[in-house]
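Right, one structure below, let's go through it.
Both backbone and side-chain heavy atoms feed into the values below; hydrogens, waters and symmetry mates do not. Because the structure is predicted, anything quoted here is derived from the model rather than measured. Sequence lines set the chain letters: A, B, ... in the order given, protein chains first and strands last, and positions in each chain run from 1.
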Number of protein chains: 2
Amino acid sequence: MRAKRPTSFDIAELAGVSQSTVSRALRHDSMVSEDTRLKVEQAARQLNYKVDVNARNLRSQRTNTLALLLYEDPGTSESLINPFFLSILGSVTRASAKRGYDLLISFQQSSADWNADYAASKRADGIIFLGYGDYTAYLDKISSLDEAGIEYITWGPVIPGQPGHFIGSDNVQGTAEAVSHLIATGHRDIAFLGDISENCPEYRDRHQGYLKALAACGLSADPVLRIDSQTSEEAGYAAAIRLLDSGHRFDAVVAACDLVAIGALHALRDRGVSVPGDVSVVGFDDIQAASYTNPPLTTVRQDTVAAGELLVENLLRLMNGRSLEQTIIPARLVLRGSTRRRE
Amino acid sequence: MRAKRPTSFDIAELAGVSQSTVSRALRHDSMVSEDTRLKVEQAARQLNYKVDVNARNLRSQRTNTLALLLYEDPGTSESLINPFFLSILGSVTRASAKRGYDLLISFQQSSADWNADYAASKRADGIIFLGYGDYTAYLDKISSLDEAGIEYITWGPVIPGQPGHFIGSDNVQGTAEAVSHLIATGHRDIAFLGDISENCPEYRDRHQGYLKALAACGLSADPVLRIDSQTSEEAGYAAAIRLLDSGHRFDAVVAACDLVAIGALHALRDRGVSVPGDVSVVGFDDIQAASYTNPPLTTVRQDTVAAGELLVENLLRLMNGRSLEQTIIPARLVLRGSTRRRE
DNA sequence: TTGTACGCGTTATCAG
DNA sequence: CTGATAACGCGTACAA
């Protein structure tokens with residue numbers, strides 16, 4: 001037998017004013033005398049009143065809520081989420097809370113999900129896509145959002161002329177920096193592990209950075225040193241094994257992301273190849289585990305705190321009708337034990 | 001200039017039926033002829049209609065949403081979240097999506113937050129607390145929830161006679177198993193690193209498991225081998241240093257959680273103590289990084305997938321008015337390289 | 001500055 | 001099985 005939730009009418013009665021006055025007083029912005037405001041607040045406290053957000057949202061046509069949609073690669077194992085995304089998720093949560101927005105989250109298996117049309121069903125005022133999964137599905141999604149006048153922003157590759165608003169790390173520069181460093185420290189046969197198809201534009205950018213750094217030093221990329229790999233430790237392991245089995249010489253491995261790099265690390269060890277003795281290994285992301293591998297992984301760090309802040313900040317800017325500049329977050333090479341100078 | 005969102009009236013007109021019929025047809029549960037249902041669905045698709053959840057929630061007085069509140073230790077650094085919690089978070093997200101519930105998340109700095117009264121303001125039908133922060137604040141919180149008739153469930157120590165509904169790992173058994181193993185493999189002077197005050201009942205339980213296992217073998221715990229530590233790598237590092245500086249002999253370290261264990265691992269290495277050569281180290285949680293430390297960390301694994309499933313499952317059970325049995329998830333010792341037999 | 005009256009888009013109730 | 005009608009609780013013109 002629980003008490004009925006108090007409504008604004010209840011507190012209006014208690015405070016001896018009209019319901020509309022209660023509403024105004026509580027929102028703290030409209031014209032209402034200091035005196036009645038205090039009376040209302042007192043009554044509200046007394047009855048432990050909380051506005052019903054559903055009624056408020058229905059009336060005001062906004063929700064004060066952002067949705068964070070995580071699209072996972074189809075290749076990802078069901079149970080595990082790329083820790084890099086979890087890290088951004090944490091940062092986005094903090095950033096939106098700081099600005100007074102609630103955050104709704106959902107992990108979507110790449111296929112479009114009718115249920116989860118967060119904005120269309122007015123669950124959220126804006127959407128943050130963490131990765132966009134299949135590109136064509138993404139295009140569908142955003143065109144329907146555009147029609148509905150819903151704001152959204154996507155974490156991913158920042159490519160000129162892309163539809164939608166993107167924020168992402170400077171994948172080209174990051175990997176280029178890593179590869180330049182490898183070249184400067186005497187490496188010549190540098191392999192690249194990762195999927196560079198249209199499905200993974202970020203990895204494709206990283207590969208471009210790799211090519212660019214090689215070209216800048218007058219080196220050319222040997223295509224046999226480029227091995228496909230999905231985004232998981234197991235896939236990275238398998239890719240490194242394939243590289244080893246190909247029999248081609250290499251003195252460094254650049255992975256599209258840390259999970260792949262860690263898998264490669266294990267494969268090399270299992271095959272008796274010393275890291276960094278025989279081969280240097282570089283990752284991308286700087287997930288927590290990267291500091292703990294043996295040897296610790298040299299990698300390109302993505303700034304997840306900045307990522308969360310910028311995603312939320314810029315989404316709100318869009319929601320306020322303002323325009324967005326291209327935003328690219330610099331990525332920074334972090335040197336650890338998995339790389340060393342070659343003679 | 002964006003088109004107006006279609007309402008159920010619009011689709012009623014298009015389908016040539018009444019608005020109430022539309023509502024019924026779309027909800028798929030009430031009595032409505034196959035024939036009109038198809039007409040309605042067709043019209044809905046054509047206009048790209050989505051129900052307005054705010055209107056729906058206001059009318060039906062339920063939100064189909066769960067809230068996940070993460071209370072962080074005050075000691076936690078601002079930017080970093082314990083990866084173990086992120087792991088549960090991922091699992092809860094999946095579990096609630098599977099059951100058709102949206103998930104609202106929020107990280108709260110221990111202090112009570114007026115704004116974030118998720119259930120009271122009808123943002124969510126039920127609440128999952130991930131850790132409960134300060135215990136007295138927790139008691140306040142739940143008593144107000146009880147009054148309001150809102151269901152909630154808490155991840156934490158499962159202690160008989162506790163107010164509220166808890167789900168958690170078997171902390172006593174888990175650590176006891178680890179310590180028994182240490183004893184069976186020849187360890188005698190086993191240190192415990194962690195805060196066992198009222199603030200951390202889970203760590204306190206783990207410490208109980210430690211004492212229990214020692215007692216079962218007729219050993220007594222030397223209080224000088226119990227060192228306080230907050231929940232972070234840095235704190236674990238500092239705690240291990242203090243232990244070393246105390247000059248007391250020890251051949252194993254049991255940490256209250258993996259972060260602390262990893263910190264201890266680093267401290268020992270920095271001081272030239274070999275792990276597992278001189279000292280064995282055991283953690284608790286099995287976060288991803290634990291597999292990658294050097295040496296890999298022996299630890300007690302908490303099953304985060306089961307945790308997420310059980311939290312959601314049992315919360316829904318409560319929401320359906322059913323009762324709950326105590327639920328404790330077994331924790332399992334995972335042997336890795338940071339422990340070894342002593343002669 | 002305050003009160004009145006109405007509508008936001010559904011779901012629930014009650015007839016037919 | 002279907003249609004009319006009344007809420008759900010709040011925000012906001014408009015009038016006082």
Side-chain angles (χ1 to χ4, degrees), chain A residues 3-41 43-44 47-65 117 119-125 148-149, chain B residues 3-41 43-44 47-65 102 117 119-123 125 148-149:
Chain A
K4 192 185 137 313
R5 257 173 59 83
T7 73
S8 52
F9 283 94
D10 297 323
I11 103 136
E13 187 173 5
L14 184 61
V17 295
S18 79
Q19 176 269 335
S20 65
T21 302
V22 170
S23 174
R24 285 192 277 255
L26 257 28
R27 260 173 315 123
H28 222 82
D29 52 48
S30 304
M31 327 128 288
V32 50
S33 75
E34 184 70 7
D35 194 43
T36 55
R37 191 171 59 73
L38 289 175
K39 265 197 315 204
V40 168
E41 282 172 351
L47 296 185
N48 193 27
Y49 168 79
K50 297 286 181 320
V51 295
D52 182 317
V53 293
N54 298 302
R56 181 215 285 284
N57 293 346
L58 174 58
R59 184 58 244 233
S60 63
Q61 299 292 55
R62 48 192 309 278
T63 64
N64 224 263
T65 299
D117 240 316
S121 52
K122 284 214 175 309
R123 262 177 276 240
D125 301 327
Chain B
K4 190 184 137 317
R5 259 172 58 83
T7 72
S8 51
F9 282 94
D10 297 324
I11 104 136
E13 187 174 4
L14 185 62
V17 295
S18 79
Q19 178 270 339
S20 65
T21 301
V22 169
S23 174
R24 282 193 280 257
L26 257 29
R27 261 171 310 130
H28 223 82
D29 50 47
S30 303
M31 325 129 288
V32 51
S33 75
E34 184 72 7
D35 194 43
T36 55
R37 192 171 58 75
L38 288 175
K39 266 196 315 204
V40 167
E41 282 172 352
L47 295 186
N48 193 26
Y49 168 79
K50 298 286 180 322
V51 299
D52 182 317
V53 293
N54 298 303
R56 182 215 285 284
N57 294 347
L58 173 59
R59 182 61 245 225
S60 64
Q61 300 291 58
R62 47 193 309 279
T63 63
N64 224 263
T65 299
D102 282 336
D117 240 318
S121 52
K122 284 210 176 311
R123 261 178 278 239
D125 300 327

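No donor-acceptor pair under 3.5 Å is formed between the side chain of Thr65(B) and the backbone N or O of Asp102(B).
Taking side-chain N and O atoms only, Ser20(B) has no distance below 4.0 Å to OP1 or OP2 of dT5(D). Taking only side-chain nitrogens and oxygens, Ser23(B) never comes nearer than 4.0 Å to OP1 or OP2 of dT10(C). Contact annotation: Arg27(A) reaches the phosphate of dT12(D) (side-chain N/O to OP1 or OP2, under 4.0 Å). For Thr21(B), a side-chain nitrogen or oxygen approaches OP1 or OP2 of dG3(D) to under 4.0 Å. Contact between the side-chain N/O atoms of Ser8(B) and the OP1/OP2 oxygens of dT10(C) is found at a separation under 4.0 Å. For dG11(D), the OP1/OP2 oxygens have no side-chain nitrogen or oxygen of Gln61(A) closer than 4.0 Å. The phosphate of dG3(D) (OP1 or OP2) has a side-chain N or O of Ser18(B) nearer than 4.0 angstrom.
Atom-to-atom, CD1 of Ile11(B) to C1' of dG9(C) comes out at 13 Å; the value is rounded to the nearest Å. In this structure, Asn57(A) atom CG and dG11(D) atom P are separated by 9 Å, rounded to whole Å. A straight line from CZ of Arg62(A) to C1' of dT12(D) spans 15 Å, rounded to a whole angstrom. Taking atom CG of Asp52(B) as the reference point, atom P of dT10(C) lies 6 Å away to the nearest angstrom. In this structure, Arg24(A) atom CZ and dG9(D) atom P are separated by 20 Å, rounded to whole Å. When rounded to the nearest whole Å, the span between CZ of Arg5(B) and C1' of dT10(C) equals 11 Å. Distance, Lys122(B) NZ to dT10(C) P: 20 Å, rounded to whole Å. In this entry the distance linking CE of Met31(B) with C1' of dA12(C) reads 11 Å, nearest Å.
With 3.5 Å as the limit, one finds no donor-acceptor pair spanning the side chains of Asn57(B) and Thr63(B).
Residue contacts shown for Val17(A) are limited to sugar-phosphate atoms, with no base heavy atom under 4.0 Å away. Contacts of Val53(B) with the nucleic acid, taken as non-hydrogen atoms under 4.0 Å apart, are absent.
Taking the side chain as every heavy atom from C-beta outward, Arg56(A) and Asn64(A) never approach each other to under 4.5 Å. When side chains are defined from C-beta on, Lys122(A) does not count as touching Lys50(B), because their heavy atoms never get closer than 4.5 Å.
Within 6.0 Å of CD in Glu13(B) there are 12 or fewer heavy atoms belonging to other residues, nucleotides or ligands.
Between Leu58(B) and Glu34(B), the residue anchored nearer the 5' end of DNA chain D, judged by the nucleotide with its closest heavy atom, is Glu34(B). Ranked by how close their nearest DNA chain C nucleotide is to the 5' end, Ser33(A) and Phe9(A) are led by Ser33(A).
Interatomic distance, Arg27(A) CZ to Arg24(A) CZ, rounded to the nearest 0.5 Å: 8.5 Å.
In terms of polar N and O atoms assigned as donor or acceptor, the side chain of Arg59(B) comes within less than 3.5 Å of the base of dA7(D) in a complementary pairing. The base of dT10(C) is not paired with the side chain of Arg56(B) by any donor and acceptor separated by under 3.5 Å.
For Gln19(A), the side-chain atoms get nearest to dG11(D) when compared with the rest of dG11(D), dA13(D), dT2(D).
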